[in-house]
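Excluded from the calculations below are hydrogen atoms, water molecules and symmetry mates; all remaining heavy atoms, backbone and side chain alike, are included.
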Amino acid sequence: MTTEIDKAAFQEGYKIGMPTWFGVAAWGLVVGVAMIKAGLSMPQALGMTLIVFAGSAQLASLPLIAAHAPLWLIFTTALVVNLRFVIFSAILAPHFSYLPWRTKAVMGYLTGDISVALFMQKYPEFVQTHGKLAYLKGLVYPNWCSWQIGSIIGILLGSQIPASWGLGFAGTLAILCVMLPAIVSRAAVVGVLVAGAVAVLAANMPYKLGLLVAVVMGMAAAMLLEEWLEKKQPTPADTNAAVLDDEKNDGRGAGHD
């Protein structure tokens with residue numbers, strides 16, 4: 001019975017994630033080309049895409065690598081850009097706390113932004129049910145393959161594609177294809193707007209540090225707004241008290257009638 005549930009859940013995740021494959025592969029292709037254009041050798045680029053598997057961190061670190069920035073700055077930038085995965089881990093942890101650490105490590109490596117967004121659409125709240133791991137696998141396995149196929153093609157074609165093709169613009173479009181479905185709340189919208197505004201204002205900072213500042217400011221704005229919205233929501237105690245008051249008022253009104 002459990003095997004049948006897992007099989008159905010995997011197929012459901014596979015189908016739900018299917019519309020995102022092209023955008024993920026396109027983004028991977030652009031990052032693959034960018035790695036070669038930044039001066040990485042083919043083995044270095046292949047190693048980066050297979051080991052790092054984080055397009056935003058790769059794109060953020062490439063200008064620093066090309067500018068021969070200090071190693072600590074490259075690692076710090078990639079770390080800050082990927083801090084969102086700490087939030088993703090906190091979101092997914094209650095669902096998969098029972099798994100052995102090796103499985104958690106593998107799934108953590110494979111899980112990306114769009115996979116978390118689609119998983120949370122299916123399971124917005126923690127519930128005890130079968131098939132959740134299989135559903136996540138149905139999302140992350142094809143997503144990883146799409147990224148690697150696109151990235152490897154980009155690496156192989158990097159030396160052949162002229163810069164006049166406007167790959168920077170194509171990369172922006174590919175990133176938008178992946179990012180827009182993940183903007184599902186007011187906090188996310190505010191985070192994107194703040195990060196975009198800061199990135200434009202800080203575009204002239206050395207070593208492309210404007211991107212780093214934009215990411216930090218965008219994340220901070222989103223987290224502060226989300227915390228503020230949570231505080232505004234009525235607690236169950238407040239809701240119960242309001243219901244009791246309404247019932248008392250109705251009772252008094254009935255007595256007067």
Check against side chain to side chain contact (heavy atoms under 4.5 Å, CB included), Asn143 and Leu139: CA-CA 6 Å; Asn143 182 78; Leu139 292 171; over 6 Å; no
Which is it for Leu133 and Met107 under the side chain to side chain contact (heavy atoms under 4.5 Å, CB included) test, yes or no, and what are the steps along the way? CA-CA 9 Å; Leu133 180 59; Met107 295 306 296; 4.3 Å; yes
Working for side chain to side chain contact (heavy atoms under 4.5 Å, CB included), residues Ile149 and Trp21: CA-CA 11 Å; Ile149 290 171; Trp21 296 350; over 6 Å; no
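Counted within 6.0 Å of CZ on Phe75, heavy atoms from surrounding residues, nucleotides or ligands total 12 or fewer; the atom is thus considered open. Heavy-atom neighbours of Met217 CE from other residues, nucleotides or ligands within 6.0 Å: at or below the threshold of 12. Annotation: Met18, atom CE; neighbour count of heavy atoms from other residues, nucleotides and ligands within 6.0 Å is above 12. Counting heavy atoms of neighbouring residues, nucleotides and ligands inside a 6.0 Å radius, atom CZ of Phe22 does not exceed 12 of them.
A 4.5 Å side-chain heavy-atom check between Phe85 and Asp113 finds at least one atom pair inside the cut-off. Side-chain contact between Thr49 and Val31: absent, with no pair of heavy atoms (C-beta onward) separated by less than 4.5 Å. Residues Lys37 and Leu62 form no side-chain contact, since every pair of their non-hydrogen atoms from C-beta on lies 4.5 Å or further apart.
In this structure, Lys7 NZ and Phe10 CZ are separated by 11.0 Å, a value rounded to the nearest 0.5 Å. Note that CH2 of Trp27 and OG of Ser56 are 5.0 Å apart. Values are rounded to the nearest 0.5 Å. Here the straight-line distance linking atom OG of Ser151 with atom CE of Met48 works out to 9.5 Å at 0.5 Å rounding. Note that the CG atom of Leu212 and the OG1 atom of Thr77 stand 5.0 Å from one another [nearest 0.5 Å]. With rounding to the nearest 0.5 angstrom, the CD1 atom of Ile65 is 11.0 Å from the CG atom of Leu73. Between the NZ atom in Lys132 and the CZ atom in Phe96 there is a gap of 6.5 Å [rounded to 0.5 Å].
Scanning for salt bridge (Lys or Arg N to Asp or Glu O under 4.0 Å) contacts around Glu12 gives Lys122, with sequence neighbours left out.
Using bins of under 30°, 30° to 60° and over 60° for the plane-to-plane angle, the ring pair Tyr123/Phe119 lands in the tilted bin.
Tracing side-chain contacts under 4.5 Å through hydrophobic residues (I, L, V, M, F, W, Y), one reaches Val190 starting from Trp228; they form part of the same cluster. When the side chains of ILVMFWY residues are joined at heavy-atom separations under 4.5 Å, either directly or via intervening members, Trp147 and Leu50 end up in a single hydrophobic cluster. Residues Tyr109 and Val140 are members of one and the same hydrophobic cluster, defined by side-chain heavy-atom contacts under 4.5 angstrom among Ile, Leu, Val, Met, Phe, Trp and Tyr. Note on Leu209: it does not cluster hydrophobically with Leu79, by side-chain heavy-atom contacts below 4.5 Å among ILVMFWY residues. Two different hydrophobic clusters hold Leu224 and Val192 under the rule that ILVMFWY side chains link at heavy-atom gaps under 4.5 Å.
Side-chain atoms of Ser61 come within 3.5 Å of backbone N or O of Ala57 as a donor-acceptor pair. Thr76 places a side-chain N or O within donor-acceptor distance of the main-chain N or O of Trp72, the cut-off being under 3.5 Å.
Shortest non-hydrogen contact noted between Gly191 and Ala222 is CA-CB, 4.0 Å. Closest of all the heavy-atom pairs between Lys104 and Ser97 is NZ-O, 3.3 Å.
Partner of Leu46 under the side chain to side chain contact (heavy atoms under 4.5 Å, CB included) criterion, out of Ile51, Leu156, Ile155, Leu40: Ile155 alone.
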